[in-house]
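For reference, the structure is listed below as structure tokens.
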Amino acid sequence: MSIKGLELTLRNLGSLLVRHLGQLADADAAEPSRLLELCQLYRRIGCGHLLAHHDVREFTENLFSSAETYLMLLRTREPGVEKERSFLARSRGVPLLDALCIGAWDLAREVDGAMPAAWWSDVEEEEDFLFFKLLPSLMDGQVEPTDARRLAELLEEVGTARLHAVDAVLRADARAFDEALRTLTDDWRVAIEQARETRPVDPYHDRTEAHVFIEGAALVKVARLRGLKTQGRYDFVPAAILRDLTRMLPSPVMG
């Protein structure tokens with residue numbers, strides 16, 4: 001896509017963001033779906049600035065806003081409301097990856113602490129739940145023995161690239177990590193290509209976050225935090241966002 005096309009996309013996303021913020025300000029209580037849409041808008045705007053202008057600061061600030069908005073959602077949710085389970089399940093916590101991707105470790109810990117601790121088998125796959133549970137645990141090297149055992153069992157049962165990547169970080173195996181990340185990236189790319197061929201795509205996704213593998217970047221950042229030697233860049237993960245971005249992190253506005 002041309003720079004002009006990306007700039008037009010960014011203007012449209014900016015207008016959508018302003019509209020969403022206005023609607024949320026007027027609402028008595030924000031629905032989880034609306035807040036998740038707001039997180040998505042922040043992520044796409046961040047990716048758009050990265051792609052159009054190599055603007056890492058805008059990328060960092062917008063992903064931070066995505067994760068912070070998600071934390072607000074988690075803190076204001078109504079426990080036990082069945083209709084919200086599909087929105088609040090741990091495996092829906094993509095904004096956690098936003099925080100990890102930019103190295104916002106304190107924010108990631110807060111998000112992790114507010115996310116559901118239990119696996120909701122009616123709305124999510126166990127391997128996805130465990131992935132989102134183990135990633136923040138790896139930041140501090142405090143993986144619960146029961147989670148480590150279940151990881152080993154699921155690796156035998158399903159062996160997804162996601163779980164292999166987490167396992168490689170846990171075992172400090174840099175070669176296995178790179179192999180798992182390559183497979184995970186290929187799976188992500190193929191899924192996007194198949195979606196383009198089989199159904200109408202969301203143009204805002206297709207022009208922005210479809211070109212930046214946030215999950216891959218989050219995994220690399222966590223691996224580096226654990227001391228693994230990683231590559232300087234990976235497919236769909238620009239080297240610029242793998243650098244230390246902490247000086248670009250905005251100050252949290254939430255208590």
Side-chain angles (χ1 to χ4, degrees), residues 39 42-44 46-47 49-51 54-71 90-91 93-113 115 128 130-143 147 151 160-185 187-189 208-209 211-250 252:
C39 295
Y42 279 125
R43 186 181 313 112
R44 291 176 178 179
C47 290
H49 279 287
L50 181 69
L51 295 166
H54 308 289
D55 193 331
V56 180
R57 182 174 294 278
E58 282 285 348
F59 174 81
T60 302
E61 292 178 354
N62 277 282
L63 264 65
F64 188 93
S65 293
S66 169
E68 197 168 51
T69 300
Y70 184 60
L71 179 59
R90 180 172 278 264
S91 59
V94 176
L96 172 65
L97 302 178
D98 295 336
L100 295 172
C101 172
I102 59 176
W105 309 122
D106 289 341
L107 179 56
R109 289 184 184 97
E110 288 188 80
V111 170
D112 173 52
M115 292 173 86
D128 295 332
L130 191 60
F131 174 76
F132 278 89
K133 189 162 188 261
L134 285 172
L135 259 187
S137 299
L138 288 169
M139 286 192 299
D140 301 311
Q142 297 176 345
V143 175
D147 289 337
L151 172 62
T160 62
R162 260 182 168 183
L163 295 185
H164 277 294
V166 169
D167 180 60
V169 175
L170 189 59
R171 294 185 292 105
D173 187 332
R175 179 176 295 183
F177 174 76
D178 279 344
E179 290 175 358
L181 187 56
R182 275 196 297 272
T183 301
L184 188 60
T185 305
D187 292 345
W188 173 80
R189 175 183 54 79
T208 57
E209 60 182 319
H211 299 274
V212 185
F213 191 23
I214 300 295
E215 182 175 321
L219 278 162
V220 174
K221 287 292 185 72
V222 172
R224 289 183 176 181
L225 194 64
R226 290 283 297 227
L228 264 71
K229 184 177 181 181
T230 64
Q231 299 178 33
R233 69 170 304 279
Y234 294 84
D235 290 344
F236 299 100
V237 181
I241 68 173
L242 292 181
R243 299 177 188 138
D244 182 359
L245 305 179
T246 52
R247 63 183 176 81
M248 300 182 186
L249 295 175

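Because the structure is a prediction, the values reported are computed rather than measured.
Interatomic distance, CD1 of Ile102 versus CZ of Phe59, reported as 7.5 Å (0.5 Å rounding). The distance from atom OG of Ser91 to atom CG of Leu130, rounded to the nearest 0.5 Å, is 11.5 Å. To the nearest 0.5 Å, atoms CZ (Arg243) and NZ (Lys221) are separated by 10.5 Å. Of the inter-residue distances, the one linking Asp187 atom CG with Arg182 atom CZ reads 13.0 Å to the nearest 0.5 angstrom. Interatomic distance, Asp235 CG to Leu184 CG, rounded to the nearest 0.5 Å: 12.0 Å. Interatomic distance, CG of Leu249 versus CG of Asp244, reported as 8.5 Å (0.5 Å rounding).
Checked against salt bridge (charged side-chain N to carboxylate O under 4.0 Å, His left out), Glu58 has no partners two or more places apart in sequence or in another chain. Residues that satisfy the side-chain contact (heavy atoms from CB on, under 4.5 Å) test with Ser65, not counting sequence neighbours, are Tyr42.
Of all heavy-atom pairs spanning Ile241 and Ala217, the tightest one is CD1-CB, 4.0 Å. When all heavy atoms of Leu242 and Arg224 are compared, the pair lying nearest together is O-NH1, 2.7 Å. Nearest heavy-atom pair, Leu96 versus Ala108, reported as atom, atom and distance to 0.1 Å: CD1-O, 3.7 Å. What you find for Phe177 and Ala165 is that their closest heavy atoms are CD1-O, 3.8 Å. Residues Ala240 and Leu245 share a closest heavy-atom pair of O-CD2, 3.8 Å. Shortest non-hydrogen contact noted between Ile214 and Cys47 is CD1-SG, 4.1 Å.
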Hey, can you pull the donor-acceptor pairs under 3.5 Å for the side chains in residues 132-139, sequence neighbours left out?
from: Lys133; atom 1: NZ; to: Asp147; atom 2: OD1; distance (Å): 3.2
from: Lys133; atom 1: NZ; to: Asp147; atom 2: OD2; distance (Å): 2.6
from: Ser137; atom 1: OG; to: Lys133; atom 2: O; distance (Å): 3.0

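Between Leu170 and Arg226 the shortest side-chain heavy-atom distance falls below 4.5 Å. Inter-residue side-chain proximity for Cys101 and Leu63 is flagged as met; some heavy-atom pair is nearer than 4.5 Å. Here the side chains of Trp105 and Leu225 are in contact, with some heavy-atom distance below 4.5 Å. In this structure the side chain of Tyr234 reaches within 4.5 angstrom of the side chain of Asp178, judged on heavy atoms. In this structure the side chain of Val212 never reaches within 4.5 angstrom of the side chain of Val237, judged on heavy atoms. With contacts defined as side-chain heavy-atom distances shorter than 4.5 Å, the pair Phe131/Glu215 qualifies.
Formation of a donor-acceptor pair under 3.5 Å by the Ser66 side chain with backbone atoms of Asn62 is not found in this model.
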Side chain to side chain contact (heavy atoms under 4.5 Å, CB included) evaluation trace for Lys229 with Arg175: CA-CA 9 Å; Lys229 184 177 181 181; Arg175 179 176 295 183; over 6 Å; no
Determine, stepwise, if the pair Leu50 / Asp55 fulfils side chain to side chain contact (heavy atoms under 4.5 Å, CB included). CA-CA 5 Å; Leu50 181 69; Asp55 193 331; over 6 Å; no
Please test His164 against Thr183 for side chain to side chain contact (heavy atoms under 4.5 Å, CB included), starting from the C-alpha separation and ending with a verdict. CA-CA 10 Å; His164 277 294; Thr183 301; over 6 Å; no
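Between Arg90 and Asp112, at least one side-chain nitrogen of the basic residue sits less than 4.0 Å from a carboxylate oxygen of the acidic one, meeting the salt-bridge criterion. Under the 4.0 Å criterion applied to side-chain N and carboxylate O atoms, Arg162 and Asp128 are assigned as salt-bridge partners. With respect to Arg109 and Asp106, a salt bridge is recorded, a charged nitrogen being found less than 4.0 Å from a carboxylate O.
In this pair, Phe213 and Trp188 present their aromatic rings parallel. The plane angle is below 30°, not in the 30 to 60° band.
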